[in-house]
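To start, the structure itself, in structure tokens.
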Amino acid sequence: MKYVKIMKELHKRVLKDKLLYIILFLALIGFLISYTSQKVALRWDEAVYLSNAENLISKLPYYFEEHRSPLLASILYFGSFMLNLENFAKIFMALSFSLSILLIYLVSKESFNKNIGLISAVLLTFNFYYINASKIIMVDIPTISLSLLAFYFLIIAIKRQKERLLYISGFCIGLSILMWYPSLGLLPIYFVYYLLKKIKIKQLLKVGLGLVLVLFPYFLLVYIKYGNPISAMIKQLFIVNKSPESYLNLDYYLVSSFIITGPAVLAGIVFYLIYILGEAIGNLKLRDLPLGVWFILFFIFMTFINHKEIRYITLATPPLFILAAKGYSNLKNSLNLNWFWYSFIVLFFILVSFLNIELFSGQVSQKENNVLLYEEQILMARSLNSIPVANYIAINMPNEYVIYSNNLYPVLAYYSKRKTIAFWPWDEGFYKSFPQNMPEDGWLVNYNDVDKHPTIAFLNEDSHFKKIKEFTNITLYEYHN
């Protein structure tokens, strides 16, 4: 009953906030932008999560990656009982984005004030990267919404002295970890509050109990199935990647952070730093510190993770939106700007992102020496080309056969609903492992524009393979062990 009373009190406080109606309007805009987007083909990871959802309890899965964080696939699985799987996924992603807009406002408001909350929500709503990410069926946006929710309950528990909310905060951060394992990198934030003497050990234990309530059942299931409760987590966190950017690269995620947050947030951060340095470092309030620690610690954590992608640092960026909003607020107060000029400045920097929409919506990848490649169109074209191949396989491939591929195999699996195997290795080592690495008869899908082994010459000459059909940049072979 005490929990119900606390939540009702919070509900009343929130509803008294007249600015909240503007935020809800922004959240609605975010939902509509995300939900009304058209999807022509699935990305690699999208196909993985949808396949995991369809095969969650299947005894004969056509494709399943056990090292993936389980929460998104589980939500999609249960949601598929209400709606078509892809439609439900689309709604869920749009709702997650809307919730993130609402929560970044609430966190900013409770940390500072309503005006900073409004600006942080505006910056997030019209951020090209977040908009694009909300259209993709992956863990990034749901993880951010859960992390902000955990942070919100933590702030409220401290500010209102509602210690029971610490259990909920721990529960939410546990859900965030199950949504995406690297969320573990956010746990030190709670110890920062302890070091700042905002919470005591006893209160930390309440957070820990909420965390354990979520994670213990999952670890138990993994232990029963694999014999090691953290095997799936370790595999995802330390996935092997031998590409140059996989090693320690301190500026990789600095570039990525700028791509994700864009010019508007960068300008706000500059205004924030100018104010702090201009007025002396003592103006760095204790309430700013956890936000800075959130970014810095997660930045360091992801820097030491082997496999790197631009989107992996997304979870570090919410505090940058809040501190940027504070930077704009400091500028307004310092120059005594009215709301017209204040809004004009914020809008101007948001519009700067239009100078390179492809860059600031994340349609790039970083390679060696942080060279940016605009390869989104190439990757999506390859996925689109995979659909007719998968449809052909679904209709024509004998039931006892399997699909073999060394590229986009989750996409082939999802669209064909046929058992799919990724064969290894992808370099010259393939020939030493062959044919032991392909033990079952099946059809091999070769992407002709991808530089991997086996080569087209080998496939055309080796007696194990027989060409079946040519597609756009793809050749289909029958294979007998």
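Not measured: the values here are computed from a predicted model.
No more than 12 heavy atoms of other residues, nucleotides or ligands sit less than 6.0 Å from atom CD1 of I57. Within a 6.0 Å sphere centred on CZ of F25, heavy atoms belonging to other residues, nucleotides or ligands number 12 at most. Taking a 6.0 Å sphere around NZ of K159, one finds it holds more than 12 heavy atoms contributed by other residues, nucleotides or ligands. Other residues, nucleotides and ligands contribute at most 12 non-hydrogen atoms within 6.0 Å of the NZ atom of K200.
Between Y130 and I141 the shortest heavy-atom distance is CD2-CD1, 3.7 Å. When every heavy atom of A316 is checked against every heavy atom of F298, the shortest pair comes out as CB-CD2, 3.6 Å. Across all non-hydrogen atoms, the minimal contact from P182 to F301 is O-CE2, 3.4 Å. The nearest pair of heavy atoms linking L359 to N356 is N-OD1, 3.0 Å. Of all non-hydrogen atoms in S256 and I313, the two that sit nearest each other are CB-CG2, 3.8 Å. Scanning all heavy atoms of the two residues, the minimum distance from S353 to F360 falls at O-CD1, 3.7 Å.
Judged by distance alone, the side chain of S34 and the main-chain N or O of S134 form a donor-acceptor pair under 3.5 Å. Of the possible polar contacts, none joining the K198 side chain to the I158 backbone as a donor-acceptor pair under 3.5 Å is found. Of the possible polar contacts, one joining the S183 side chain to the S176 backbone as a donor-acceptor pair under 3.5 Å is found. The backbone N or O of Q363 lies less than 3.5 Å from no partner atom in the side chain of E358, so there is not a single donor-acceptor pair. Panel note: side chain N127, backbone I260; a donor-acceptor pair is recorded below 3.5 Å. Proximity of a side-chain donor or acceptor of K114 to a complementary backbone N or O of K109 within less than 3.5 Å is not detected. Using modelled atom types, one side-chain atom of K39 and one backbone atom of K135 make a donor-acceptor pair closer than 3.5 Å. In this structure, the side chain of D140 does not engage the main chain of T143 through any donor-acceptor pair within 3.5 Å. Of the possible polar contacts, one joining the N55 side chain to the Y63 backbone as a donor-acceptor pair under 3.5 Å is found. A distance-only check finds no donor-acceptor pair linking the side chain of S169 to the backbone of L165 [under 3.5 Å].
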Contacts under 3.5 angstrom, residues 95-105 side chains, donor-acceptor by atom type, not counting sequence neighbours:
{"unit_1": "S96", "atom_1": "OG", "unit_2": "F92", "atom_2": "O", "d": "2.9"}
{"unit_1": "S98", "atom_1": "OG", "unit_2": "A27", "atom_2": "O", "d": "2.8"}
{"unit_1": "S98", "atom_1": "OG", "unit_2": "F31", "atom_2": "N", "d": "3.4"}
{"unit_1": "S98", "atom_1": "OG", "unit_2": "A94", "atom_2": "O", "d": "3.2"}
{"unit_1": "S100", "atom_1": "OG", "unit_2": "S96", "atom_2": "O", "d": "2.9"}
{"unit_1": "Y105", "atom_1": "OH", "unit_2": "D17", "atom_2": "OD1", "d": "3.2"}
{"unit_1": "Y105", "atom_1": "OH", "unit_2": "D17", "atom_2": "OD2", "d": "2.2"}

Just list the side-chain donor-acceptor pairs under 3.5 Å for residues 68-84, sequence neighbours left out, or say none.
{"unit_1": "R68", "atom_1": "NE", "unit_2": "E65", "atom_2": "OE1", "d": "2.8"}
{"unit_1": "R68", "atom_1": "NH1", "unit_2": "D45", "atom_2": "OD1", "d": "2.6"}
{"unit_1": "R68", "atom_1": "NH2", "unit_2": "D45", "atom_2": "OD1", "d": "2.9"}
{"unit_1": "R68", "atom_1": "NH2", "unit_2": "E65", "atom_2": "OE1", "d": "3.3"}
{"unit_1": "S69", "atom_1": "OG", "unit_2": "Y181", "atom_2": "N", "d": "3.0"}
{"unit_1": "S69", "atom_1": "OG", "unit_2": "Q236", "atom_2": "OE1", "d": "3.0"}
{"unit_1": "S74", "atom_1": "OG", "unit_2": "P70", "atom_2": "O", "d": "2.8"}
{"unit_1": "S80", "atom_1": "OG", "unit_2": "Y77", "atom_2": "O", "d": "2.5"}
{"unit_1": "N84", "atom_1": "OD1", "unit_2": "E86", "atom_2": "N", "d": "3.0"}
{"unit_1": "N84", "atom_1": "OD1", "unit_2": "N87", "atom_2": "N", "d": "3.2"}

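In summary, the side chains of T317 and Y129 do not present any donor paired with an acceptor at a separation below 3.5 Å, with no hydrogens or angles considered. Side-chain contact annotation: Y62 with E54, donor-acceptor N/O pair under 3.5 Å present.
Here S329 pairs with I116, N333, Y342 under the side-chain contact (heavy atoms from CB on, under 4.5 Å) rule; sequence neighbours left out. When the side-chain contact (heavy atoms from CB on, under 4.5 Å) test is applied to L28, the partners found at least two apart in sequence or on another chain are L32. Applying the side-chain hydrogen bond (donor to acceptor under 3.5 Å, both in side chains) criterion to K206, with sequence neighbours excluded, gives E163. Take V450 and apply the side-chain contact (heavy atoms from CB on, under 4.5 Å) test, not counting sequence neighbours, and it matches R382, N407, Y447, K452.
Atom OG of S257 and atom CZ of F295 lie 4.0 Å apart (nearest 0.5 Å). Rounding to the nearest 0.5 Å places CG of L124 at 10.5 Å from CZ of F126. Rounded to the nearest 0.5 angstrom, L154 CG and I173 CD1 are separated by 9.5 Å. Taken to the nearest 0.5 Å, the CD1 atom of I269 stands 11.5 Å off from the CD1 atom of I274. In this structure, CG in L186 is found 8.0 Å from CD1 in I177, a value given to the nearest 0.5 Å.
A centroid separation of less than 6.0 Å is found between the aromatic rings of W180 and Y312. Note: F128 and F354 meet the aromatic proximity criterion, with ring centroids under 6.0 Å apart.
For the side chain to side chain contact (heavy atoms under 4.5 Å, CB included) test with K332, the passing option among I119, L337, N115 is L337; the others fail. Between Y328 and the choices F112, W339, F321, F271, the ring pair (Phe, Tyr, Trp, His ring centres under 6.0 Å) rule is met once, by F271.
No side-chain heavy atom of T261 sits under 4.5 Å from any side-chain heavy atom of L123. With contacts defined as side-chain heavy-atom distances shorter than 4.5 Å, the pair L148/L106 does not qualify. With a 4.5 Å cut-off on side-chain heavy atoms, L355 and V352 count as touching. Y193 has its side chain out of reach of Q203: every pair of non-hydrogen atoms, C-beta onward, lies at least 4.5 Å apart. Using a 4.5 Å heavy-atom cutoff, the side chains of S383 and L408 are in contact. The shortest side-chain heavy-atom distance between L178 and L215 falls under the 4.5 Å cut-off. Between L315 and S147 there is a side-chain heavy-atom pair separated by less than 4.5 Å. Looking at F151 and W294, their side chains come closer than 4.5 Å, going by heavy atoms from C-beta outward.
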Assess the residue pair Y252 and I310 against the criterion (side chain to side chain contact (heavy atoms under 4.5 Å, CB included)); give the C-alpha distance rounded to whole Å, side-chain angles, the decisive distance to 0.1 Å, and a yes or no.
CA-CA 8 Å; Y252 181 93; I310 289 175; 4.2 Å; yes
